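Report on the following structure.
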Amino acid sequence: VHVVLSGGGSVHVGGSLRLSCTVSGSTDMRDCITWARQGSGKQREAVATFDSNGRTTYTDSVQGRATISKENAGNTLALEINSLKSEDTAVYYCAASPRLPWGCNWASKHWGQGTQVTVSS
């Protein structure tokens, strides 16, 4: 499984960012995606999850500002966060998890490389 996260960079407060997560090498790993971030001196935290069965979740800090969408034939998902705040500054990651008969196995994650997002005024 190969997980690649693209997007990020430097953004102004109030702006938007789009983080595209592409999963290749296994169709079974495209159904359950996690976006996470790690601020300086902080633990990595999940920001959003996508389950192809139709369920998405967002952490409270981005709820109402974040949207997940498909970008192409199905192996790329994008997380867009609007109305950015300085506290959104972090290294962002995405991970793919396997789908088991009962649902996504979130305990198993294949992480891609991180990308820095810096929000400044």
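Any value given below was found using the heavy atoms of this structure, including those in side chains, with hydrogens, waters and symmetry copies removed. Throughout, numbering of the chain's residues begins at 1 and tracks the sequence. What you see is a predicted model; the values in this text were computed from it and never measured.
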Quiz item: More than 12 heavy atoms of other residues, nucleotides or ligands under 6.0 Å from CD of Gln43: is that the case?
Solution: no
Quiz item: For Thr118 and Ser10, does a side-chain donor sit closer than 3.5 Å to a side-chain acceptor?
Solution: no
Quiz item: Could you state the interatomic distance from CZ (Arg55) to SG (Cys104), rounded to the nearest 0.5 Å?
Solution: 10.0 Å
Practice problem: Report yes if the side chains of Arg44 and Trp111 come closer than 4.5 Å at any heavy-atom pair, otherwise no. | Solution: yes
Quiz item: Mind checking whether Asn75 and Val23 have side chains closer than 4.5 Å, heavy atoms only?
Solution: no
Quiz item: Under a single-linkage definition using a 4.5 Å side-chain heavy-atom cutoff for Ile, Leu, Val, Met, Phe, Trp and Tyr, are Trp35 and Val91 assigned to the same hydrophobic cluster?
Solution: no
Quiz item: Hey, what do you get for CH2 (Trp106) to OG1 (Thr49), rounding to the nearest 0.5 Å?
Solution: 4.5 Å
Practice problem: May I ask you to test the Tyr92-Ile81 pair for a side-chain heavy-atom distance under 4.5 Å? | Solution: yes
Quiz item: For the atom pair OG (Ser83) and CG (Asp88), what is the distance rounded to the nearest 0.5 Å?
Solution: 9.5 Å
Quiz item: Is the side chain of Tyr58 donor-acceptor paired with the backbone N or O of Ile68 at a distance under 3.5 Å, no angle test?
Solution: yes
Self-check item: Separation between CG of Asp51 and CZ of Arg99, rounded to the nearest 0.5 Å
Solution: 4.5 Å
Self-check item: Side chain Gln113, main chain Leu5, donor-acceptor under 3.5 Å
Solution: yes
Quiz item: Checking Ser97 side chain against Ser108 main chain: does a donor-acceptor pair fall under 3.5 Å?
Solution: yes
Quiz item: Is any side-chain heavy atom of Val62 less than 4.5 Å from a side-chain heavy atom of Arg37?
Solution: yes
Exercise. Kindly say whether Gly7 contributes a backbone atom to a donor-acceptor pair with the side chain of Thr115 at under 3.5 angstrom?
Key: yes
Quiz prompt | Min side-chain heavy-atom separation Val3-Tyr93 under 4.5 Å | solution = no
Quiz prompt | Min side-chain heavy-atom separation Lys70-Ser52 under 4.5 Å | solution = no
Quiz prompt | Considering all heavy atoms, the nearest Ala48-Leu79 contact | solution = CB-CD1, 4.0 Å
Quiz prompt | Shortest non-hydrogen contact from Thr59 toward Ala46 | solution = CB-O, 3.6 Å
Quiz prompt | Separation between OG1 of Thr34 and NE2 of His110, rounded to the nearest 0.5 Å | solution = 12.0 Å
Self-check item: Heavy-atom closest contact (Glu71 atom, Ala78 atom, distance)
Solution: OE2-CB, 3.4 Å
Quiz prompt | Whether Arg65 side chain and Asn82 backbone form a donor-acceptor pair below 3.5 Å | solution = yes
Quiz item: Rounded to the nearest 0.5 Å, what separation is found between the OG atom of Ser121 and the CG atom of Leu84?
Solution: 13.0 Å
Practice problem: Find out whether Ser16 and Glu80 are in side-chain contact, i.e. whether some heavy atom of one side chain is under 4.5 Å from a heavy atom of the other. | Solution: yes
Practice problem: Of all the heavy-atom pairs spanning Val1 and Met29, show the shortest one and how long it is. | Solution: CG2-CG, 3.5 Å
Quiz item: Looking at side-chain heavy atoms only, is the closest gap between Ser6 and Thr22 below 4.5 Å?
Solution: no
